[in-house]
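This report concerns only the one structure given below.
Hydrogens, waters and symmetry mates play no part in the numbers below; they use all other heavy atoms, side chains included. When a ligand or atom number is given, it counts from 1 through the structure's own listing order.
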Amino acid sequence: MPVHIDIRDGVAVLTLNRPPVNSFDLALRRDLRAALAMVMTKPEVEAVVLTGGTRHFSAGADIEEFASGTRGGATAVPTLPDVITDLDQAAKPVVAAIAGTCLGGGLEVALGCHHRVVAANGTLGLPEVKLGILPGAGGTQRLPRAIGVKAALDMILSGTPVNGAKAAKLGLATLSTGDLVEDAVAVARQAARDGAKPRLSLLRAELPADAGADWFQRQIDGLKRPLPAPLACIEAVRAAVELPFSQGLQREFNLFRELVVTPESKALQYAFFAERRAARIDGLSPDVQPRAIERVAVIGAGTMGAGIATVAVNAGLEVILLDRDETGVQKGVAGITKGYDAAVAKGRMDGAERDRRLGRLHTATDLAACAAVDLVIEAAFEDMGVKQDIFRTLDKVCGPDAILASNTSTLDLDAIAAITSRPQSVVGLHFFSPAPVMRLLEVVRGAETAPEVLATAMALSRKLGKVGVVAGVCNGFIGNRMVEEYLRQAYFLVDEGVLPWQVDGALERWGMAMGPFAMMDLAGNDIGRAIRAGRKALGDERPYSTFPDKICALGRFGQKTGKGYYQYDPATRARETDPEVDALAQAHAKEVAQEFGLSPRVIGDEEIVARCLLALANEGAALLGEGIAQRASDIDVVYLNGYGFPAHKGGPMFHADSLGLENVLRLMEGFLEGYQGQFWKPAPLLWEKASAGGRLTA
Ligand code: TC6
């Protein structure tokens, strides 16, 4: 039964019961409406409590249903707004008892109730904007009436939820101090006695007098990107202020219907499910259980190692941070402590919590300290000899059940595993820098990695708050192998006379968080040079522009040296174009033009974007065909979470699908005629899918 009814001495407790997250599909909407109607007719019931159990009040409308339009999607009757109107208009008081997730339509349902009681673990928010839609079941109309227009628009535009205590502070709910449902029942009884059924729909939504007549316009002007969903959110909240409730509600639902089919929303809905799909390991038997990981050693206390240690400590693990000597270890600890101190200073953490976390951080300089850990994550210098030495020793000192992981970003994991007597226990855990910030974790499956070890690594990634994506072994795995082709095109564009900032500008206008040259300045141009050298040493003879080497020859290694493809303000790190780089690029392009007999031509944004992004998709299709990635959507998850690809474009594979694979092939054919055109040989899988009229992400 999707709604369980329990009548307790005059109060009907309705419990939503649609695992896993009580999302409102048509069946739940129907059942709630019927249950509510039924208890309203019972004379012994004087009030109602609506709850969803301890973990999920409700995660909102069923995204699968409205994304696919199945069973009429969100517009099938009763719609969520219909059910919420029933709650609002109910003849007896209705109290929402909120524990755990209360998101989107879930919060809108709670707002339709007459009272809300929340547990401390409540997570209340309207994250619809992250799906390219707006709260379409009254959220934009009732929330401003509940907590004020400014606070409401802030929650709606950010999509960020608040916890129980904050919800109480905002006036959104009453904080429960005891048993949530019992507290809600008590509120319901009192309301029945008082006849109190406060309806948000009867209130007015008003801006403070000092907000100014152009307040809504200023909110539009302040948007980072004027995408359809945030614009519509502002418009709907404006309707809450300017129109009667029923008209505002209608306006909001119309906007919802328009948004749900926009390309941006389709891409964001796809990205939501792609992220959840990435957690699944193809071919893994359901009997395979992950091992428990409680004690972790991190080898290498540099930026990456210290970042990984922070992530593990934050997740509640006991961590030993190792480096070759005490100076190295203490440098790492100092960096971690500084990070926590900054969090305390900004009020994001209290001192006691900082101390608890630092209490879980231990240090050592001898690998023998790894004897009793469940997992070692090696984040030492990116050199095969160094890593093999470490793994040889770890193999000897670690317990037989310990998992040995490498954070290598390019080296052959199988060659590292082969040095040990337990290649089945070796896995790659490729974190992205800065590790505490970046959500992506490539989980690299070696030829011998045992299923149980892989499952443990994926479970760990979730525990660490990361999005784990399984990758096979190849140079660069998924993300960095593809980015090499993206960069290759970016540099070729410079060969042909486009300036670095023009390439970045085109891609950033398209939506990338950062263009390729700014990205390399952040990563370090010397690192890029080492990666290219590594590939060459492995026999990769494909041509590459010499421009990045010229930049490195000037010591312009990027942000860390204050200069790279840009110059950086030492205080703010703000980037500025540099005439020296422009001159170098122009001279370089002249040399290339002479060498290859190129005639000058203007290359516009469209070509820049198409070449860089299709280089990604083509390499993605190649590694998908080779089985390096499990599915195209995993590749998109990598790019959305590790490379600043805009979520509203879905990822490089989804983007190629959106263009149509036949069109993608046609574009590639055009590039084939141009400079270094040999790189536009479409991956076999691309041909295959295009000729079958298929999609990469299907
Ligand atoms: C809305 O409400 C609009 C209203 C207007 C209407 C007119 N629908 O993330 P997890 C599935 S828009 C369908 O792994 P967690 C998810 O796919 C909605 N399915 O677990 C997964 O399925 P799988 C606004 C959903 O504990 C399973 O549940 N709400 C929905 O890490 C477990 O999910 C949101 O945007 C859904 N709404 O996190 C909230 N939600 O096992 C979206 C989850 O088959 N959801 N599933 O792969 C979340 O943020 C998180 O899922 C969570 C749980 C915090 C609820």
Problem - Those atoms of ligand 1 less than 4.0 Å from some heavy atom in Ile63 - result: 8 (N), 13 (C), 18 (C), 36 (C), 37 (N)

Practice task
Report yes or no: does a heavy atom of Lys130 sit under 4.0 Å from some atom of ligand 1?
Solution key: no

Problem - Face-on cation placement of Arg277 at Phe273 ring, 6.0 Å and 45° thresholds - result: no

Problem - Heavy-atom donor-acceptor pair, Ser158 side chain to Thr160 backbone, under 3.5 Å - result: yes

Handout entry: side chain to side chain contact (heavy atoms under 4.5 Å, CB included) between Leu172 and Leu143, intermediate numbers included
Key = CA-CA 8 Å; Leu172 189 50; Leu143 192 63; 3.7 Å; yes

Fill in the blank from the handout: atom 37 (N) of ligand 1 has as its nearest protein heavy atom Ala61 O, 3.0 Å

Practice task
May I ask whether Pro135 places a heavy atom under 4.0 Å from ligand 1?
Solution key: no

Practice task
Using a distance threshold of 4.0 Å (strictly less than), state whether atom 4 (C) of ligand 1 has a protein heavy-atom neighbour.
Solution key: yes

Practice task
Within a distance under 4.0 Å of any heavy atom of Glu128, pick out the atoms of ligand 1 and give their elements.
Solution key: 1 (C), 2 (O), 3 (C), 4 (C), 12 (S)

Exercise for the section: Please check if any side-chain donor atom of Tyr270 sits under 3.5 Å from a side-chain acceptor atom of Asp657, or the reverse. Expected result: no

Exercise for the section: State whether any protein heavy atom lies less than 4.0 Å from atom 45 (N) of ligand 1. Expected result: yes

Handout entry: Taking atom 20 (O) of ligand 1 as the reference point, the nearest protein heavy atom with its distance
Key = Arg462 NH2, 3.7 Å

Practice task
Decide if atom NZ of Lys166 counts as having more than 12 heavy atoms of other residues, nucleotides or ligands within a radius under 6.0 Å.
Solution key: no

Handout entry: Thr15 versus His4, side-chain donor and acceptor atoms under 3.5 Å
Key = no

Completion exercise
for atom 42 (C) of ligand 1, nearest protein heavy atom and its distance come out as Phe272 CE1, 3.5 Å

Problem - Closest protein heavy atom to atom 19 (N) of ligand 1, given as residue, atom name and distance to 0.1 Å - result: Ser23 OG, 4.4 Å

Fill in the blank from the handout: If we number the atoms of ligand 1 from 1 as shown, the ones under 4.0 Å from a heavy atom of Gly60 are 2 (O)

Problem - atom 52 (C) of ligand 1: nearest protein contact (heavy atom, Å) - result: Thr101 CG2, 4.6 Å

Handout entry: Proximal ligand 1 atoms for Pro127, defined as those under 4.0 Å from one of its heavy atoms
Key = 29 (N), 34 (C), 35 (O)

Fill in the blank from the handout: Near Gly104 (heavy-atom distance under 4.0 Å), the atoms of ligand 1 are 2 (O), 24 (C)

Handout entry: Under 4.0 Å to a heavy atom of Glu108 - the qualifying atoms of ligand 1, by number
Key = 4 (C), 5 (C)

Exercise for the section: Could you tell me whether Ala59 and ligand 1 have an N or O pair separated by under 3.5 Å? Expected result: yes

Problem - Short N or O distance, Gly105 and ligand 1, threshold 3.5 Å exclusive - result: yes

Problem - Option with minimal heavy-atom separation from atom 53 (C) of ligand 1, where the choices are Arg257, Glu64, His56 - result: His56

Problem - Any donor-acceptor N or O pair under 3.5 Å, side chains Ser265, Gln269 - result: yes

Exercise for the section: Look at atom 41 (O) of ligand 1 and say which protein heavy atom is nearest, naming residue and atom and giving the distance to 0.1 Å. Expected result: Arg280 NH2, 4.4 Å

Practice task
For atom 35 (O) of ligand 1, decide whether some protein heavy-atom distance is shorter than 4.0 Å.
Solution key: yes

Problem - Lys92 (side chain) donor-acceptor with Met40 (main chain) under 3.5 angstrom - result: yes

Exercise for the section: Check for a donor-acceptor pair, side chain of Asn641 on one end and backbone N or O of Val637 on the other, with a separation under 3.5 Å. Expected result: yes

Fill in the blank from the handout: If you scan protein heavy atoms around atom 30 (C) of ligand 1, the nearest is Val21 CG2, 3.8 Å

Problem - From Phe66, Phe256, Phe273 - option closest to atom 12 (S) of ligand 1 by heavy atom - result: Phe66

Problem - Expected output: side-chain Arg291 to main-chain Thr456 donor-acceptor under 3.5 Å - result: no

Practice task
Consider only side-chain N and O atoms of Arg18 and Ser23, and report whether a donor and an acceptor are under 3.5 Å apart.
Solution key: yes

Practice task
Would you kindly specify which portion of Arg277 sits under 4.0 Å from ligand 1, judged on non-hydrogen atoms: side chain, backbone, both or neither?
Solution key: neither

Handout entry: Nearest neighbour in protein (non-hydrogen) for atom 16 (C) of ligand 1
Key = Arg276 CD, 3.7 Å

Problem - CZ (Arg257) with more than 12 external heavy atoms under 6.0 Å - result: no

Completion exercise
A student checking ligand 1 against Pro20 at a 4.0 Å heavy-atom cut-off should list atoms 27 (C), 28 (O)

Handout entry: Distance-only side-chain donor-acceptor flag, Asp82 / Thr79, under 3.5 Å
Key = yes

Problem - More than 12 heavy atoms of other groups within 6.0 Å of Arg276 CZ - result: yes

Exercise for the section: Check whether the side chains of Glu442 and His430 place a donor and an acceptor atom closer than 3.5 Å, and report yes or no. Expected result: yes

Exercise for the section: For Gly136, counting its heavy atoms only, list the atoms of ligand 1 lying under 4.0 Å from any of them. Expected result: 5 (C), 7 (C)

Handout entry: Donor-acceptor pair between Asn22 and Ser58 side chains, under 3.5 angstrom
Key = no

Practice task
Please work out whether any backbone atom (N, CA, C, O) or any side-chain heavy atom from C-beta onward of Thr123 is under 4.0 Å from ligand 1, and answer side chain, backbone, both or neither.
Solution key: neither

